[in-house]
2 protein chains.
Amino acid sequence: MKTQENVKPVDIRPFAYAISLIDGKWKMHILFWLWKQDTLRYSELKRSLGNVTHKMLSSQLKELEADGLVLRREYPQVPPKVEYSLTEKGKSMMPILSELCRWGNQNVPDGWEQN
Amino acid sequence: MKTQENVKPVDIRPFAYAISLIDGKWKMHILFWLWKQDTLRYSELKRSLGNVTHKMLSSQLKELEADGLVLRREYPQVPPKVEYSLTEKGKSMMPILSELCRWGNQNVPDGWEQN
DNA sequence: CTGGATCCGTTTAGATACTG
DNA sequence: CAGTATCTAAACGGATCCAG
């Protein structure tokens, strides 16, 4: 009884956990803007993200909040005002985003743009 | 004429470029295993990833290869043998994966597992 | 302004069969 | 062994309407 040849045992669980929190079409972008802008209202976030739809933004924010990465602060007034920001857990992910930015700056091709 | 209040101008292009290369359900996991194992045959990769389907794995590998992150080496023999590994560009992304692992190790809840 | 709910077309991804 | 092709169910995502 032997394990597969040439394939070492590796624990992917911690890595997979991190990935599971940030996949989803807009999550990384949301985290990015909250990182750069600190606190944003719902409508500001929507404008910043560009072509995200209402449905997507609200659902992604809800998941990020449920995962403890984003803080939702609601001001009881009319019209409503809601501000989003990073939690401590969310902030602790910023080194990851920072690495992504660093890599991007060194590798983004001239003239590249999101299709 | 003024820009939005409280919203500073930020260039998200490099970040978005990095994201665009690694989103896709299995790409990060593929990069992870090639990182840890150096070189893997198609079937070894498939076993390592667990429940990935044939179709997904081949399509994701193809995209990673097209983006210059993964190298495909084919040995002309019967039965065929194909090995995958990271390119230099692929390796240059490893600090990002490294950060994800570090964060995951510090934050993965006890008993958490991929649904 | 900040959402939730619904309808509905598009995309995705799994299962299966087939090839060199 | 390492793929490709096709068919189909399910998930996703956009548009729109409604509400506090």
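Lettering of chains follows the sequences in order, A, B, ..., and the numbering in each one begins at 1. Computed from a predicted model, the values in this text were never measured in an experiment.
A:Thr87 has its side chain out of reach of A:Val70: every pair of non-hydrogen atoms, C-beta onward, lies at least 4.5 Å apart. Using a 4.5 Å heavy-atom cutoff, the side chains of A:Trp26 and A:Leu57 are not in contact. Residues B:Leu69 and B:Met93 have side chains in contact (heavy-atom distance under 4.5 Å, counting atoms from C-beta outward). The shortest side-chain heavy-atom distance between B:Arg73 and B:Ser85 falls under the 4.5 Å cut-off. With contacts defined as side-chain heavy-atom distances shorter than 4.5 Å, the pair A:Leu71/A:Glu83 does not qualify. Counting only heavy atoms from C-beta outward, the side chains of B:Phe32 and B:Cys101 approach each other to under 4.5 Å.
The CD1 atom of B:Ile30 sits 15 Å away from the C1' atom of D:dA2 (whole-angstrom rounding). Between B:Tyr84 atom OH and D:dA2 atom P there is a gap of 8 Å when expressed in whole angstrom units. Here C:dT19 presents its C1' atom at 14 Å from OH of B:Tyr42, a figure rounded to the nearest Å. In this entry the distance linking CG of A:Leu40 with P of C:dC1 reads 15 Å, nearest Å. In this entry the distance linking CD of B:Glu44 with C1' of D:dA2 reads 13 Å, nearest Å. B:Leu49 has its CG atom 14 Å from the P atom of D:dA2, to the nearest Å. Rounded to whole angstrom, the span from the NZ atom of B:Lys46 across to the P atom of C:dA13 amounts to 15 Å. Atom pair A:Lys25:NZ and D:dC12:C1' shows a separation of 9 Å (rounding to whole Å applied).
Interface residues of residues 50-65 of chain A facing DNA chain D, ordered by number: A:Thr53, A:Lys55, A:Met56; criterion, heavy-atom separation under 4.0 Å. Taking every heavy atom of residues 66-81 of chain A and every atom of DNA chain C, pairs under 4.0 Å involve A:Arg72, A:Pro79, A:Pro80, by number.
Contact check on A:Arg47 versus A:Glu44 returns no salt bridge, with no Lys/Arg side-chain nitrogen under 4.0 Å from an Asp/Glu carboxylate oxygen.
The phosphate of D:dA2 has OP1 or OP2 within less than 4.0 Å of a side-chain N or O from B:Arg41.
When the local axes at the two ends of the helix from C:dC1-D:dG20 to C:dG20-D:dC1 are compared, using 5 base pairs at each end, they differ in direction by 40° after rounding to 10°.
Checked against side-chain contact (heavy atoms from CB on, under 4.5 Å), B:Gln106 has the following partners two or more places apart in sequence or in another chain: B:Arg102.
Results of the side chain to side chain contact (heavy atoms under 4.5 Å, CB included) test with B:Phe15 over A:Asn105, A:Leu100, A:Val108 single out A:Leu100 as the only residue that passes.
Note on residues 58-69 of chain A: pairs passing side chain to side chain donor-acceptor pair (under 3.5 Å), not counting sequence neighbours, are A:Lys27-A:Glu63. Evaluation of the ring pair (Phe, Tyr, Trp, His ring centres under 6.0 Å) test over residues 56-109 of chain A, restricted to residues two or more places apart or in two chains, returns A:Trp103-B:Tyr17.
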